[in-house]
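Remember, predicted model here, so these are calculated numbers, not experimental data. Reckoned from all heavy atoms, side chains included, excluding hydrogens, waters and symmetry mates.
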Amino acid sequence: VADVLLEEGLAMTSSSLKKALEKPQDVPDELFTWRRAKPLAKEKFQCKVEWLDEECNFYVSPLEWSEERDRVQSLVGANFFRKREEIPNPNRVWRKGEACIAKYFDENWYRAEIIVPHVDSSHVGVEYVDFGTKSSVLRIYVSDHIMDTVKDIPILCFPVQLDVKPLTRTWETEILDKIHLHVEGKVLDISVKLCGNPFPFIVDMFMGEEDNKEDVEKFVIGSGMGKKGYRER
């Protein structure tokens with residue numbers, strides 16, 4: 001009877017049970033996560049857009065954080081400069097929210113966190129925390145070697161939203177790409193209309209010279225890429 005149960009997968013030997021209950025050796029005891037971005041104690045600030053996600057959240061980084069951003073990337077870049085090859089231990093067990101350093105398409109390494117621990121046997125899903133960008137990355141290009149010099153530095157971007165909604169049920173990729181291209185690389189003046197808890201802020205967003213500023217919300221609506229949202233006060 002025991003042999004039949006084992007063959008049908010309805011039972012297991014004592015040694016198999018012990019092995020199944022053992023903690024894998026490549027799982028760390030503690031889950032290290034990046035410190036969350038600090039909410040700004042001001043209603044107006046200047047920033048640049050690092051990313052625009054599928055929900056039309058603008059991931060922005062205030063200009064006053066520029067020096068810190070440069071320092072973080074310099075430290076990460078210097079530490080991983082020669083790590084062009086694969087990271088050892090590809091069987092590392094990752095957990096959702098865990099901090100890591102991951103290679104991006106530009107061949108550089110950045111601070112990231114795990115958002116999908118097991119996309120498949122070769123990939124994990126990560127978010128590059130200082131940019132808001134999400135990507136599926138080969139496990140061999142994700143490292144848990146995090147330098148102490150960047151562990152205490154909070155995430156250096158956060159999401160904000162315009163008071164707009166899509167023309168259809170969801171935002172279309174083509175429209176999001178046009179909006180992103182319009183603001184990419186520009187210095188934006190942000191005015192907070194409604195605070196999240198702590199994010200996202202609902203904001204007015206302007207760009208251009210002082211005497212000729214463009215309202216990005218009006219641009220989106222006037223260009224037929226979105227319509228007015230619900231949060232106007």
Side-chain angles (χ1 to χ4, degrees), residues 28 31-42 45-54 57-90 92 94-117 119 123-160 176-177 180-190 198-201 205 207:
L31 177 69
F32 174 71
T33 59
W34 300 112
R35 294 174 59 190
R36 300 297 99 178
K38 295 179 179 179
L40 291 179
K42 56 181 68 175
F45 58 93
Q46 288 188 311
C47 67
K48 288 187 177 181
V49 174
E50 303 296 339
W51 185 249
L52 183 65
D53 73 10
E54 64 277 3
N57 291 305
F58 294 78
Y59 282 79
V60 302
S61 186
L63 295 189
E64 60 192 79
W65 292 357
S66 296
E67 185 175 334
E68 194 79 302
R69 290 180 65 86
D70 291 343
R71 186 167 78 90
V72 167
Q73 199 47 45
S74 176
L75 290 167
V76 173
N79 192 68
F80 282 81
F81 176 71
R82 298 191 182 280
K83 290 184 173 61
R84 299 294 180 181
E85 301 302 323
E86 302 173 358
I87 293 295
N89 193 15
R92 165 72 150 81
W94 293 100
R95 289 173 285 181
K96 184 177 175 64
E98 189 170 3
C100 61
I101 306 291
K103 184 187 279 191
Y104 191 55
F105 298 118
D106 63 2
E107 297 297 313
N108 293 316
W109 296 79
Y110 300 94
R111 297 199 302 175
E113 75 176 21
I114 303 297
I115 54 175
V116 183
V119 173
H123 296 77
V124 295
V126 306
E127 178 176 340
Y128 296 92
V129 294
D130 296 319
F131 299 88
T133 316
K134 299 176 178 66
S135 182
S136 178
V137 182
L138 284 169
R139 292 175 180 271
I140 56 177
Y141 295 138
V142 182
S143 173
D144 58 5
H145 181 62
I146 299 172
M147 309 83 70
D148 290 338
T149 49
V150 299
K151 280 187 174 182
D152 291 332
I153 300 175
I155 291 171
L156 295 171
C157 78
F158 55 84
V160 300
L176 293 172
D177 288 343
H180 192 188
L181 184 62
H182 189 70
V183 300
E184 187 175 20
K186 307 291 196 335
V187 173
L188 302 172
D189 291 291
I190 299 292
F199 304 116
F201 294 148
M205 189 179 293
M207 65 183 192

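- Atoms OH and OG1, from Tyr128 and Thr133 in turn, are 8.5 Å apart once rounded to the nearest 0.5 Å.
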Starting from the C-alpha separation in whole Å, work towards a yes-or-no answer on salt bridge (charged side-chain N to carboxylate O under 4.0 Å, His left out) for Lys134 and Glu54.
-> CA-CA 10 Å; Lys134 299 176 178 66; Glu54 64 277 3; 5.2 Å; no
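- You'll find the side chain of Tyr141 stays beyond 4.5 Å of the side chain of Val126, heavy atoms only.
- Side-chain contact between Leu75 and Val72: absent, with no pair of heavy atoms (C-beta onward) separated by less than 4.5 Å.
- Across all non-hydrogen atoms, the minimal contact from Leu176 to Asp53 is CD1-O, 3.6 Å.
- Phe201 and Phe158 have perpendicular rings, their planes meeting at more than 60° on a 0 to 90° scale where under 30° would count as parallel.
- Taking all atoms of both residues into account, the shortest heavy-atom contact from Glu113 to Trp34 is CB-CD1, 4.2 Å.
- In terms of heavy-atom proximity, Leu156 sits nearest to Ser61 at O-OG, 2.8 Å.
- At least one side-chain heavy atom of Cys100 sits less than 4.5 Å from a side-chain heavy atom of Val142.
- Closest non-hydrogen pair, Val150 versus Arg111, comes out as O-NH1, 3.2 Å.
- Between Leu181 and Glu184, some side-chain heavy-atom pair lies under the 4.5 Å cut-off.
- Taking CD1 from Ile190 and CG from Leu188, the interatomic distance works out to 5.5 Å, rounded to the nearest 0.5 Å.
- Here the side chain of Ser143 pairs a donor or acceptor atom with the backbone of His145 at under 3.5 angstrom.
- We find that Glu64 and Lys42 are joined by a salt bridge, their nearest charged nitrogen and carboxylate oxygen being less than 4.0 Å apart.
- Checking each of Gln73, Glu67, Glu68 against Arg71 for a side chain to side chain donor-acceptor pair (under 3.5 Å) leaves exactly one that passes, namely Glu68.
- In summary, of the residues considered (Asp152, Ile155, Val129), a side-chain contact (heavy atoms from CB on, under 4.5 Å) with Arg35 occurs for Asp152 alone.
- Closest approach of Lys48 and Leu63 over heavy atoms only: CG-CD2, 4.0 Å.
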Run the side chain to side chain contact (heavy atoms under 4.5 Å, CB included) check on Cys157 and Val60 step by step: do they pass?
-> CA-CA 5 Å; Cys157 78; Val60 302; over 6 Å; no
Test side chain to side chain contact (heavy atoms under 4.5 Å, CB included) on Met207 and Val183 and set out the steps.
-> CA-CA 8 Å; Met207 65 183 192; Val183 300; 4.3 Å; yes
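- Within the 4.5 Å cutoff, the side chain of Phe32 has heavy atoms near those of the Ile146 side chain.
- In this structure, Phe131 has its ring center at least 6.0 angstrom away from the ring center of Tyr59.
- Here the CD1-CG distance, from Ile101 to Asn79, works out to 8.0 Å after rounding to the nearest 0.5 Å.
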Tell me, with the steps shown, if Met205 and Asp189 meet side chain to side chain contact (heavy atoms under 4.5 Å, CB included).
-> CA-CA 6 Å; Met205 189 179 293; Asp189 291 291; over 6 Å; no
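- Asp130 approaches Glu50 most closely through the heavy-atom pair O-CG, 4.1 Å.
- To the nearest 0.5 Å, atoms CG (Leu31) and CZ (Arg95) are separated by 5.0 Å.
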Run the numbers on Phe80 and Met147 for side chain to side chain contact (heavy atoms under 4.5 Å, CB included), then give the verdict.
-> CA-CA 10 Å; Phe80 282 81; Met147 309 83 70; 4.1 Å; yes
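- Looking at Arg92 and Asp144, a side-chain N of the basic residue comes within less than 4.0 Å of a carboxylate O on the acidic one, giving a salt bridge.
- More than 12 heavy atoms of other residues, nucleotides or ligands shown are found within 6.0 angstrom of NZ on Lys186.
- At a threshold of 4.0 Å, the pair Lys103-Glu107 counts as salt-bridged, since one of the basic side-chain nitrogens sits closer than that to a carboxylate oxygen.
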